[in-house]
Amino acid sequence: QPGVLSRVNDVFSARGINVAAQFLQTSPRIGYVVIDVDTRPRDESRTLKSALDAVDGTIRTRVLY
């Protein structure tokens, strides 16, 4: 789905979070992205996850520490 990665990056950018690395893999049916960001306080991870969940085209999100 065109534009999803851009909208995901906008979520981080709007919060001033630096994306240190990204890995994107797509197939005709599904795509996934792994994003490594600079360290942020854990209390922000819940709101960040909610914002990523709200991106149109998102199936599932997971936060790893």
Side-chain angles (χ1 to χ4, degrees):
Q1 189 174 359
V4 173
L5 184 58
S6 176
R7 292 189 297 271
V8 166
N9 284 326
D10 287 345
V11 169
F12 292 104
S13 178
R15 288 161 177 75
I17 299 172
N18 184 53
V19 173
Q22 285 183 325
F23 176 79
L24 173 68
Q25 182 68 45
T26 62
S27 71
R29 294 188 56 214
I30 196 164
Y32 70 91
V33 63
V34 177
I35 301 173
D36 186 16
V37 298
D38 289 338
T39 305
R40 301 292 293 181
R42 285 187 177 202
D43 58 335
E44 186 175 336
S45 66
R46 198 174 295 150
T47 58
L48 181 60
K49 183 179 181 320
S50 295
L52 292 169
D53 287 337
V55 172
D56 187 40
T58 298
I59 296 170
R60 186 177 121 186
T61 62
R62 186 168 63 164
V63 177
L64 302 175
Y65 300 98

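Predicted, not measured: the structure shown is a model, and the values here were computed from it. One-based numbering along the sequence shown.
Looking at Leu48 and Val63, their side chains never come closer than 4.5 Å, going by heavy atoms from C-beta outward. Side-chain contact check for Val34 versus Asp36: every heavy-atom pair is 4.5 Å or farther apart.
Pairs engaging residues 54-65 under the salt bridge (Lys or Arg N to Asp or Glu O under 4.0 Å) rule: none recorded [sequence neighbours left out].
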Next item on the list: In sequence, state the C-alpha distance, the side-chain angles, and the governing distance for Val8 and Leu52, and then conclude on side chain to side chain contact (heavy atoms under 4.5 Å, CB included).
Entry: CA-CA 6 Å; Val8 166; Leu52 292 169; 3.9 Å; yes
Next item on the list: List the steps and the verdict of side chain to side chain contact (heavy atoms under 4.5 Å, CB included) for Asn18 and Val37.
Entry: CA-CA 6 Å; Asn18 184 53; Val37 298; over 6 Å; no
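In this structure, Tyr32 is not a member of the same hydrophobic cluster as Val4, with clusters built from ILVMFWY side-chain heavy atoms closer than 4.5 Å.
Using modelled atom types, one finds no donor on one side chain facing an acceptor on the other under 3.5 Å when comparing Thr58 with Asp53.
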Show me, pair by pair, the donor-acceptor contacts under 3.5 angstrom made by side chains of residues 23-30, not counting sequence neighbours?
{"unit_1": "Ser27", "atom_1": "OG", "unit_2": "Arg29", "atom_2": "N", "d": "3.4"}
{"unit_1": "Ser27", "atom_1": "OG", "unit_2": "Ile30", "atom_2": "N", "d": "3.3"}
{"unit_1": "Ser27", "atom_1": "OG", "unit_2": "Ile30", "atom_2": "O", "d": "3.1"}

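Contact between Gln1 and Gly57 at its shortest, heavy atoms only, is OE1-CA, 3.3 Å. Here the closest non-hydrogen pair linking Ala51 and Arg15 is CB-NH2, 3.3 Å.
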